[in-house]
Amino acid sequence: MRVLVLGANGFIGRAAINTLSQRSDLELVAAVRSKSPGPDSPAVEVRTCDALHRASMRSALDGVTHAINCVMGSGRVMFTATTLLTELAVELKLSRIIHLSSIAVFGGMTGVLNEESAPSVRNNAYGTAKIACERVTRSAAEFGVRSVILRPGCVYGPGGKAWTLRLGQLLVGRRLGDLGSHGDGSCNLIYIADVAAAIEAALELDTKGAEAFNLAEASPPTWNWYLKNFARAIGAVPVAYVPAWKLQLESRLAAPPLAAMQRLTRNSRWSRKLYPVTPSLVRLFAQEICFDPRKVDEQLRLRRTALADGLTSAAQWYRAQVTA
Amino acid sequence: MIIDARSLPSGAAVFADVCIVGAGAAGISVALQLESSRLNVVVIESGGLHSNAATQSLYNGDVANPRLHCPPVRYRQRRFGGSTTIWGGRCVPLDPIDLEQRSWVPQSGWPLQYEEMARYYPEANALCEAGDADYSANSAVDGGMAPLMNGFVPKQFSTEVIERISRPTDFGRRYGRRLKSNDRIKVYLNANCTEIISSTEAKAVERLIIRTLSGRQFHVYAGKYVLATGGIEIPRLLLGSRRNYPRGVGNEHDAVGRYYMCHLAGTVGRLAFHIPRHCIAHGYAQTWDGVYCRRRIALSAEAQRQLQVGNIIMRLHHPRIPDASHGNGILSAIYLAKPLIGYEYAKRLHSSGVAASPRIHHFLNIAKHPVETATFAVDLLYKRHLAGRKFPTIVISSRTNVYTLDIHAEQQPCADSRITIGDNLDPLGMPRVRIDWRYTGADIETVIRTLTLFQEEIASWGGGILEFRPEEVEAAMLCDGAYGGHHIGTARMSTRPDNGVVDANCRVHGITNLYVAGSAVFPTSGQANPTLTVVALAIRLGQHLRDSFLSTPIRISSRRQELCA
């Protein structure tokens, strides 16, 4: 089995490489954008690949039997890369594609969902792009390429920008904290190593066609719980209580200029101070949605990292980042 | 789901598995326990989302001695969220001794083990947004709290126990969104339960009559009913429902409305310290999750047994505000601002039992300490009025190192202290209440003996001196009347029907499907502010109801079929 990880320098791609490089029974190929350094492990072959160009992708897929699609970017980038990969997988007769999607495909839905639940068509740009990518990936099954779609929830842990670094910064700045009734939504966390373990399990999953899995905590805490306990773990105490009016001011007035300034200062040390609390983030904190864990438990046999352990290592990484 | 009852047609029938009357701390806590139970729940709330004068005036009634008890419209709110819309937020659990049968406290003893109740405190703490159920000064705050009086190690008191302060959580605002988004929970606003119709044969409640101030009337039929309307309205409703029970529902043994308790509270004594000012830490500290907490001076259980007194706590307190001789600009500013402060919080400024100084003296105090007073005003704005978690109360470090003691003491059960109903009717035809609150000599003795013992302990320590005159204690405890907002004991819990109203599961004796949630069921008042225990018992009741439906085949859906047939 020769496995290509597309987007190997991303948060999930790197974790997948780390986990899979422990396996001696597979050959691992990391596809990274040009100029990006590849993974350190000598056992991993590094190929530069522009996921938006057919020829480049084709040469990256040379001799590969399984492809893991961890490409992140704008909707257009994700869709183009996924379409190219799927077409080439069919053409090159790959055995399997593992596609990293997101629970964002369910948009603003509430209640207990499972893998049979239809994604929400009323969705934002990111969710809509993820749905389109899933559709393309699934179509490969008709041509004999098995596909496994993994939809992680909020992936946290060492290396995580969105749910670890960003939230940490907002907690330290006392811009997030206990959100009262606005933080009662389910916090569908998944630890980064568990996503990597799910990818590993998906490589060998006994399936003939296309399968999807929602990856999240089996009994998710509320966002208030996560925000308060993560704040405690990183030392951002006493935790702030953020009243509703402040949250509204943040998301409606402050978020657009902050987002623009953050784009301007990208990669500078200022950028971390400018994370916006976007309206979609505020909606997510109150969204009561959770996922039936049975399919993941039974078919992927995923043993989720205990929340307390996950929080500890996420906090350790966060502290190292901010002191660096 | 939240519904305005004024939109229902007159004569409508509403069906539910559980009907909860009252959407305050108790009612909402019961409803939240039934959130994922798949039971159909109806919550009947008299008020709307905001305060309304006409609705609030339904609380009007008589008070036997207005010097001893505030008017019944005060310290209570007839609206969604109930009195949590105005409460101070102090959260304290009862102590194990509070539930014991104490030979020196008549009618004491709960039909509950303390451990049974303590199981529900962590969740009650969470609902009250008061953090962990950890009430020790050593562990609640990382690194422990500073000692209250450095070097003071009392034998008969503890300064290690703390009170935690809720945000204070308005249960309507905080949990309204959850109730609103739940299809199985229907909250009817502007709906007043005016009568409980019960059957003497079935020994069960058949239905509730609900009226709106707009003139509509409808009925609620439920499998089980929970009264959660507060310690004064619960006896009013039970006593006023006389259709098949001439003495009122659950009142076969004349216990409904009796044993009405508040707490005795007041400021007393003069405690002058010899130790440096910085060795006194009587203010608030914050826990890791931002909850304010504060040490209290609690009389130990052993000392209560020895002294044969009720439970009691004290706090170091600032001097009496109206007397400008304290020389404090902040206190004087508060005194001058009293017209801007709500009745419930300004009461002590109006009637603290000491003669108020001329206003000019207060202005002079402010002029002497302008920076301190201005800093306080800014803090008040940021830490209290604009903050999501409000700084709880004013804490002043005494310039002269002299403090008073703020007392919060148990009131013992007294059958003659009672809520009755009169002949006057409110606009909905319900009899109005008459409040006859009484205290006993034993209540005053609790304070005097405790202060005497504390005086001895302070003297043997040597770090200060406590002066008080026992003959002044009664006046000091009663100058503001019964402690406002704590309405306890009027539907007390008992093992036997002849000395109480509800059983250990809070079910009315002799009625199979009627329950009471709230401080009305407390047999004794303890030292603790009641809300946390109200919520803990409501959680327990909610879980009991949920479990009882699992084991009982009677569901309201079958009753609906009967009625519709």
Side-chain angles (χ1 to χ4, degrees), chain A residues 108-112 170-187 219-250 277 282-290 292 308 311-312 315, chain B residues 2 28 32 35-36 38 49 80-81 84 89 122-123 125-132 134 140-143 145 164-185 284-293 382-392:
Chain A
M109 290 164 75
T110 55
V112 183
L170 291 169
L171 288 165
V172 168
R174 299 180 68 78
R175 293 166 59 203
L176 286 183
D178 186 340
L179 307 180
S181 63
H182 294 269
D184 275 345
S186 308
C187 180
S219 318
T222 63
W223 276 102
N224 279 333
W225 186 94
Y226 178 62
L227 291 172
K228 289 199 290 190
N229 284 279
F230 187 49
R232 185 181 205 184
I234 61 174
V237 292
V239 182
Y241 189 97
V242 183
W245 64 265
K246 208 169 164 188
L247 214 50
Q248 294 302 325
L249 272 185
E250 273 273 7
V277 180
V282 172
R283 279 196 296 276
L284 179 72
F285 290 150
Q287 188 180 357
E288 290 187 32
I289 179 173
C290 54
D292 185 338
L311 265 179
T312 306
Chain B
I2 294 186
I28 288 178
L32 290 175
E35 223 179 358
S36 51
R38 304 184 68 79
L49 296 176
F80 186 57
T84 61
E123 196 172 344
N125 265 61
L127 281 185
C128 292
E129 297 182 292
D132 303 324
D134 178 352
V141 172
D142 293 339
M145 288 169 73
R164 287 172 168 265
I165 316 292
S166 166
R167 290 204 301 113
T169 302
D170 170 343
F171 275 56
R173 278 192 170 186
R174 178 63 183 82
Y175 303 111
R177 184 192 275 253
R178 270 165 69 176
L179 299 182
K180 194 176 175 181
S181 65
N182 193 312
D183 291 340
R184 289 184 175 272
I185 299 179
Y284 291 97
Q286 269 185 297
T287 61
W288 69 271
D289 47 357
V291 177
Y292 288 103
C293 51
Y382 281 101
K383 290 189 175 168
R384 187 165 173 90
H385 293 292
L386 292 178
R389 188 173 281 285
K390 298 189 185 308
F391 192 83

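The analysis underlying the following values was restricted to heavy atoms, covering all of them including side chains, and did not include hydrogens, waters or symmetry mates.
Using bins of under 30°, 30° to 60° and over 60° for the plane-to-plane angle, the ring pair A:Y226/A:W223 lands in the perpendicular bin.
Per-residue counts of heavy-atom pairs under 4.5 Å with chain B were compared for A:H182, A:K246, A:R232, A:E288; the largest is that of A:R232. When each of B:R178, B:R174, B:R389 is scored by its heavy-atom pairs under 4.5 Å with chain A, the top score falls to B:R174. Most heavy-atom pairs under 4.5 Å with chain A, from the set B:L386, B:T287, B:V291: that is B:L386. The residue among A:G177, A:G180, A:A244, A:P243 with the most heavy atom pairs within less than 4.5 Å of chain B is A:G180.
B:R173 touches chain A through its backbone: at least one of N, CA, C or O sits under 4.5 Å from a heavy atom, while the side chain does not. When heavy atoms are compared at a cutoff of 4.5 Å, B:R177 approaches chain A solely by way of its side chain, counted from C-beta outward.
Here the closest heavy-atom approach between residue A:D178 and residue A:V239 is recorded as N-CG1, 3.8 Å.
Residues forming a salt bridge (Lys or Arg N to Asp or Glu O under 4.0 Å) with A:E250 (at least two apart in sequence, or on another chain): A:R175.
At distances below 3.5 Å, not a single donor-acceptor pair connects side-chain atoms of A:D184 with backbone N or O atoms of A:N224.
Residues A:I234 and A:V172 meet the side-chain proximity criterion, which asks for heavy atoms closer than 4.5 Å.
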